[in-house]
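Contents: one structure, followed by commentary.
Start at 1 with the first residue, then count along the sequence. Just follow the structure's listing: the first ligand is 1, and inside any ligand the first atom is 1. Note that the structure is a prediction, hence the values are computed from the model and not measured.
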Amino acid sequence: MGYDSAKAQFSDWGIDTDAALARLQDISISVHCWQGDDVVGFETRSGTSGGGIQATGNHPGRARTPDELRADLEFAYANIPGKHRLNLHAMYMDTEDRPDRDQLDYNHFARWVDWARDQGLGLDFNPTFFAHPKADDNLTLSHPDQGIRDFWIEHGRRTRDIAARIGAELGTPSINNIWVPDGYKDTPTDRMAARTRLEQSLDLILSKPQDTMRDAVESKLFGIGVEACTVGSHEFYFGYAMRKNTLLCLDMGHFHPTESVADKLSAVALSLPEILLHVSRPMRWDSDHVILLNDDILAMAHELVSADLLDRTHIGLDFFDATISRTAAWVIGTRNMQKALLQALLRPWDRLRLAENRLDFTARLTLTEALKDLPYGAVWAEFCARNGTKVGMPLIQDLDAYQASVSDR
Ligand code: RNT
Ligand code: ZN
């Protein structure tokens, strides 16, 4: 079906497809650098990711250098309609120096910023509190040893300075998201002490006022090796973000598998001005599978649109699958987030609200099910065409060709 006929069909429902496409054009997604290399990073001193997160698989083509990662990202962005951002982690420094995490400064990331400026990308940032000998106990900012805490506090402070400089250089604030792996494999005796130490460390990291960056904190339920207690739990960070005026990062893999993260958005948004998302797909655990256009993602998009949260939610992605083409994973996952947003923007919200407020749940159900038959694919294809990106077989051919070109790495 062509766009004009799809447009007419949506119009029958009172939905303006051009307005939806214009809105979608404005939504920037922060694409995570770590899908490109299985969360390995470019430090010569670090090993595998650790901290309870793990990329599994051995597909050929992993980016081994900043130049390879940037080339892969350029290919991915060229196949994702719209203008987006890159989410960089501190372990992705681009330098001939060998700075430890407490020695990092802006210069170690200047090449990334020059490239981002060239590409027209905003940059977000993250301190890296894992994959380091001083994180081997799965304790960093909450470690009982003051020396270890001080090392990580210095790392956190430096990343805020780096993020602030990045934000100033690129003219768009950089979100610096703090996630620590801290927790205990078995039942701890003193959770309060660990959480108090985490809070004090965070306070020290965040004490310097900054204006070209924003702070976010990311909670988690459990990780491999920290099954009994995660120090930075949801309640911990929700309260912290409210009291300290930071963004709260909600990662879709960081809750009980039957919890709906979509349901949390409106609840959290009543208490916090801004939210950061790590859109991900947990399978049995925080497995970080590539996001599909599935019910969970659609529900997230629906909430963002229906609760009018798009202007105060920063959409970041967090998945890493090393069993498939890493560039295809980026392209497919990011486009799925956009497709979900498009479906949400193509919904007759007034009609649905009216039925709900009348307690006419039959009409609401009839509507939501009938809407599933509308030709979203044709509107998406139009969006891609307007942005000079492909769909269907031509897209698959390009993804395959690029993968073949990197598979001898
Ligand atoms: C880990 C968190 C965190 C990481 C990245 C690499 O469980 O989700 O966001 O995935 O920082
Ligand atoms: Zn995350």
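Salt-bridge formation is not detected for the pair Arg70/Glu74: no Lys NZ or Arg NE/NH1/NH2 atom is positioned less than 4.0 Å from an Asp or Glu carboxylate oxygen. Salt bridge annotation for Asp16-Lys7: absent, with no cationic side-chain nitrogen under 4.0 angstrom from a carboxylate oxygen. Comment: Asp190 does not engage Arg197 in a salt bridge, judged by the lack of any side-chain N to carboxylate O separation of less than 4.0 angstrom.
In terms of polar-atom proximity, Asn177 is not counted as a contact of ligand 1, lacking any N or O under 3.5 Å from an N or O of the ligand. Below 3.5 Å of separation, one finds an N or O of Asp286 facing an N or O of ligand 1.
With atom 5 (C) of ligand 1 as the reference point, the heavy atom nearest to it among Lys220, His89, Met91 is part of His89.
The angle that Glu218 OE2 and His278 ND1 make at the Zn ion (ligand 2), rounded to 10°, works out to 90°.
Between the side chains of Thr327 and Asp72, no donor-acceptor pair of N or O atoms lies under 3.5 Å.
Under the 4.0 angstrom criterion for non-hydrogen atoms, His254 is in contact with ligand 1. By the 4.0 Å heavy-atom criterion, Asn126 is excluded from the residues contacting ligand 1.
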Are Ile175 and Phe125 close enough, and set up right, to give a side-chain contact (heavy atoms from CB on, under 4.5 Å), and what steps lead you there?
CA-CA 6 Å; Ile175 298 178; Phe125 204 62; over 6 Å; no
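Among the atoms of Asp251, an N, O or S atom falls under 2.8 Å from the Zn ion (ligand 2).
Aromatic ring pairs are classed by plane angle as parallel below 30°, tilted from 30° to 60° and perpendicular above 60°; the pair Phe236 and Tyr240 is parallel.
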